[in-house]
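This report concerns only the one structure given below.
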Number of protein chains: 2
Amino acid sequence: MTGATLAVRDSGPMNAPLSARDHTRNLKRERILDVAAELFFVKGFHGASMENLCSALGVTKPFIYYHFKSKDEILLALYLASVNSALEVARAARASSDDPVAQLKTFARTYAMLVLTDRQRIALISREKGLLNAEQMRDVTALGRAFLDVLSGLMADGVKAGAFRIDDPALAAHEVNGMIAWAINWYNPSGRRTPQDIADHMEDAALRLVGIATNWPKAEGGPGA
Amino acid sequence: MTGATLAVRDSGPMNAPLSARDHTRNLKRERILDVAAELFFVKGFHGASMENLCSALGVTKPFIYYHFKSKDEILLALYLASVNSALEVARAARASSDDPVAQLKTFARTYAMLVLTDRQRIALISREKGLLNAEQMRDVTALGRAFLDVLSGLMADGVKAGAFRIDDPALAAHEVNGMIAWAINWYNPSGRRTPQDIADHMEDAALRLVGIATNWPKAEGGPGA
DNA sequence: GTATGTTTATACCACGCGGTATAATTCCGG
DNA sequence: CCGGAATTATACCGCGTGGTATAAACATAC
């Protein structure tokens with residue numbers, strides 16, 4: 001919301017609005033994180049070495065250690081960025097309308113787009129668990145819980161409004177989340193389907209999942225062929 | 001189906017029905033695989049060392065290397081066992097009835113049970129990709145594709161029968177699969193929900209996901225209150 | 001009771017890992 | 001054009017890794 005999803009080193013006594021230096025610093029950090037996410041996605045966190053990261057970036061090792069103090073800190077930053085963006089999507093969907101049905105449609109579409117376009121980062125949340133200790137993961141865990149709470153709240157509102165035919169909002173939240181997030185495991189960027197196509201389908205599927213009958217078939221003609 | 005899901009060393013000229021020796025050998029292998037799955041689930045494949053595995057098993061390193069020729073072979077065996085059991089579940093569901101609706105119900109329930117009770121092994125399929133080369137993964141990939149084909153076939157039959165209100169069977173297969181399989185990421189064995197509870201809900205959710213309205217509310221009284 | 005299959009004990013290896021040290025250098029905003 | 005920040009170059013360290021060697025001990029079936 002405030003614009004800075006990643007922790008930003010405050011420079012000086014006040015929380016000054018990003019000096020030019022800090023700005024470029026953050027750009028470098030972002031670049032490192034991007035390449036690291038791709039590497040971790042392909043080879044796994046432990047499978048990707050810092051030397052791999054160096055050569056992929058075309059830099060030397062001290063360069064990276066100038067910007068991050070350890071490999072773990074890179075992973076943590078990736079965790080936080082991912083779960084933060086997911087939380088933002090959920091909150092934005094909640095704020096987008098008063099109607100739970102519209103909220104769910106917005107959520108499903110934008111969340112699917114996030115997952116499909118940012119899958120290398122998003123995938124880390126589910127794949128690389130337990131690599132950091134609980135203390136380090138505290139914020140990540142809290143944000144993840146917040147994400148699910150927002151989504152559960154959406155479901156509960158849909159039930160209250162008499163629109164959703166589900167009997168367990170928390171479980172329905174997991175189901176919608178899983179249905180969409182699982183795409184990280186099968187989506188092929190070089191395949192036929194575009195993220196927009198998939199997001200469209202996910203929107204409809206989310207509605208069906210909460211018990212809302214969608215128009216069918218797509219062209220009019222009534223059910224039953 | 002035939003009883004042996006894992007590759008069994010054939011002992012002798014004929015494919016003899018498991019000598020006592022081979023039998024115990026397979027038990028040992030299974031025990032190793034079980035503990036390895038737990039370790040890989042918690043610490044990741046690269047994060048879990050062979051020494052970790054040794055002490056968890058209470059054996060020495062040559063013992064393991066007597067039964068498996070490398071760490072990779074252990075991972076591969078786990079892959080195969082997992083994807084095989086998923087495929088068996090899908091095929092059994094297909095064979096359980098002529099009615100696609102009944103097939104889907106059976107699939108959702110049994111697949112959810114498999115995921116929840118075997119999540120440490122199942123999770124590997126989605127988490128540890130790209131660690132083995134394509135050649136080694138050939139069989140795993142083929143079985144995974146077969147699993148999705150069976151599921152897509154179920155969906156297509158449901159459409160043909162006029163029971164499912166979906167317009168893309170392959171995508172619906174991914175959606176149902178994801179909705180259920182994602183449980184590996186949130187299910188807590190020491191939580192309130194039992195696998196049976198969850199499987200029940202997943203069965204209903206799968207029906208809704210393909211556009212079948214379930215009875216609602218659970219107790220009669222008609223919709224709207 | 002002996003041959004074969006299985007497991008331990010113990011020690012080892014080469015390698016890649018995350019991370020650091022230090023000095024020299026290049027960049028660039030004020 | 002200077003001075004501090006950023007980056008390279010290069011070399012190194014200790015450690016844990018996957019995997020192996022070798023010899024001895026145990027089990028067990030025939």
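Residue numbers begin at 1 in each chain, while the letters A, B, ... track the order of the sequences.
- Comparing A/P62 and A/H46 by the nucleotide of DNA chain C that holds the closest heavy atom to each, the one mapping nearer the 5' end is A/H46.
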Item to check | Chi angles and distances behind the side chain to side chain contact (heavy atoms under 4.5 Å, CB included) call for A/K71, A/L53 | outcome: CA-CA 10 Å; A/K71 197 184 182 187; A/L53 185 51; over 6 Å; no
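- Whole-Å rounding puts the A/L27 CG to D/dA5 P distance at 19 Å.
- Each of C/dT8, C/dT20, C/dT6 was ranked by its minimum atom distance to the side chain of B/K28; first place goes to C/dT6.
- Rounded to whole angstrom, the span from the NZ atom of B/K71 across to the P atom of C/dC15 amounts to 19 Å.
- Distance A/F63 CZ to D/dT7 P: 5 Å, rounded to the nearest Å.
- Distances shown here put every side-chain N or O of A/T60 at or beyond 4.0 Å from the OP1 or OP2 atom of D/dT7.
- Here the P atom of nucleotide D/dT22 and the OH atom of B/Y66 are 18 Å apart, to the nearest Å.
- Within the structure, a side-chain polar atom (N or O) of B/S49 is placed less than 4.0 Å from OP1 or OP2 of D/dT17.
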Item to check | Chi angles and distances behind the side chain to side chain donor-acceptor pair (under 3.5 Å) call for A/D149, A/S152 | outcome: CA-CA 5 Å; A/D149 284 347; A/S152 292; 5.3 Å; no
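- For residues 107-128 of chain A, the ring-ring contact (aromatic ring centres under 6.0 Å, His included) pairs, not counting sequence neighbours, are A/F107-A/Y111, A/Y111-A/F147.
- In this structure, A/R29 places its CZ atom 18 Å from P of D/dA5, rounding to the nearest Å.
- Taking the side chain of B/K61 as heavy atoms from C-beta on, and the options D/dT8, C/dG18, D/dG18, the nearest nucleotide is D/dG18.
- For the pair A/G158 and A/P100, the tightest heavy-atom approach, listed with the atom from each and the gap, is CA-CB, 3.6 Å.
- Regarding B/Y65, its OH atom lies at a distance of 17 Å from the C1' atom of D/dT22, rounded to whole Å.
- Scanning both residues, A/F68 and A/E73, for their nearest heavy atoms gives CD2-OE2, 3.5 Å.
- We find that CD of B/E51 is positioned 14 Å from P of D/dT20, with the value rounded to whole Å.
- When distances are taken from the side chain of A/H67 to each of D/dT7, C/dC17, D/dG19, the shortest belongs to D/dT7.
- One can place CD1 of B/I64 at 14 Å from C1' of D/dT20, the figure rounded to the nearest angstrom.
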